Amino acid sequence: MIQKEVTLLNRLGLHIRPAAQLTKIAEKFKSDVYLLKDGMRVNGKSIMGVMMLAAARGSTLVIECLGDDEQQVMDELVQLFENKFYEE
Amino acid sequence: MSELLQVSVFYQDNQDRLKLKLRNSPRGLTREIGQKEIHRPGLALAGFIELFTFDRVQILGNTEMKYLHSLSAEDLKKSLSRFFEFEIPCLIITNENPVLADLAAAADAVGIAVFTSPLTTTEATHLLSDYLDQKFAPSMAIHASLVDVYGTGLIFTGRSGIGKSEVALDLVERGHRLVSDDIVTLTRTAENVLMGHGREFLKHYMEIRGVGIIDVAAMFGVRAVRQQKRVETEVELVEWRSDMNYDRTGLDENHKEYLGVKIPHVVLPIYPGKNITVIAEAIALNLHLKVYGFHPAREFSRALTEVMDNQSRLQSYLEKDFE
């Protein structure tokens, strides 16, 4: 199991489109993906779960991946956060 | 949730219900309540402070207030200073009793909020217990969908994308009621009942893969949704695997535990063309029968045994008397 802390840098926070991008990536992989924020832990493959976090710009989340391809999925997710979900 | 409850939140939540009014400085609002119990501190005010459960919300009713009124100025001071040495979260004076100036001042000195309520002590106690029970009930969130099927709360679990939402939607279409899709918050009530409800702002929204986000309440109307439901059975959806053993008789019941409450657990293998919705209805109705004391699998087993017993009795009868 690996964990990594990320900060939301895109303008509107984790709204519906970024949430969809995130779950799409998570779903490609076999590993379980969880997002942690303020004591909440949601399934990264569920768009409703991800949106439930209502994570605004500037908030920090922890990504947790568990499984055979955990490193690959983590890399892709971190890249997504770093590139501000390719917005603008 | 089951952590600490700030007095300011407590005040806000109960302002209308208990008609609470803050009677001294708002400094005491930053204190925290850590317990769901409440306490009437009559004995502590009178000087018996052993076993004084000071860390609870303190209720001062007619008895306490009359007692304080009866004290001489000196005794009152002594009683109050002893009382406020304890870290009390807040106190509530019921029955429209006037707040003693000395009491409010002594509470102010240590930063403890004093509220009044026009309700009787009994009414206030009931409402408060109810509220605190709810606030401090153990809870957890799970990845599941909760539907009321014929009055039975079924939670559907299983890996992401297996079709929990689709089953829930199909059930709603057939007239059952959705509580929450995708994320269910479970709480254990005081009576050890497992209750499930959805998150405030995601309520009754659903994601259907390929379609996107839909609003079930808007589509199907108010009869298709409900706010919360007792969780009675877990239905775990799994992919069909020929090497797995699935329950064939229903004689043995499997259980799963959430927050210390045991609920029946059914593992349901799925494959294309299998109608999970109808099976879910059958599970709910079967549970109804069991609740009413009729266990279909055991009934069938008993009938079968009876037939076999009769047969062997007849056989042995015939064997003993050749015609």
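The model shown is predicted, which means the values in this text are computed figures rather than measured ones. Here is the naming used below: chain letters follow the sequence lines, and residue numbers restart at 1 for every chain.
- Evaluation of the salt bridge (charged side-chain N to carboxylate O under 4.0 Å, His left out) rule for B:Arg174 yields B:Glu281 as partners, not counting sequence neighbours.
- Taking CE of A:Met1 as the start and CG of A:Leu66 as the end, the distance is 7.0 Å to the nearest 0.5 Å.
- Heavy-atom pairs under 4.5 Å with chain A were tallied for B:Glu207, B:Met206, B:Arg159; the largest tally goes to B:Glu207.
- Annotation: side chain of B:Val216 is not in contact with side chain of B:Asp181 (no heavy-atom distance under 4.5 Å).
- For the residue pair A:Tyr86 / A:Gln21, no side-chain donor-acceptor distance below 3.5 Å is found, with atom types taken as modelled.
- Here the CD1 atom belonging to B:Ile162 is positioned 6.0 Å from the CG atom belonging to B:Leu237, to the nearest 0.5 angstrom.
- Between the side chains of B:Asp130 and B:Gln134, not a single donor N or O lies within less than 3.5 Å of an accepting N or O.
- Looking at every heavy atom in both residues, A:Lys84 comes nearest to A:Asn10 through O-CB, 3.6 Å.
- Residues forming a salt bridge (charged side-chain N to carboxylate O under 4.0 Å, His left out) with B:Glu232 (at least two apart in sequence, or on another chain): B:Lys229.
- Pairing each heavy atom of B:His143 with each of B:Thr157, the nearest pair is O-CG2, 4.2 Å.
- The greatest number of non-hydrogen atom pairs below 4.5 Å with chain A, out of B:Ala141, B:Gly212, B:Ser160, is found for B:Ser160.
- Within residues 52-59 of chain A, the residues that have a heavy atom under 4.5 Å from a heavy atom of chain B are A:Met52, A:Ala54, listed by number.
- Only the side chain of B:Ile213 has a heavy atom closer than 4.5 Å to any heavy atom of chain A.
- Close approach to chain B, defined as a heavy atom under 4.5 Å from one of its heavy atoms, is seen in A:Glu27, A:Met40, A:Val42, A:Asn43, A:Lys45 of residues 25-45 of chain A, taken by number.
- Taken from OH in B:Tyr205 to CE in A:Met48, the straight-line distance is 8.5 Å, to the nearest 0.5 Å.
- Note: B:Leu146 CG to B:Arg230 CZ = 12.5 Å, rounded to the nearest 0.5 Å.
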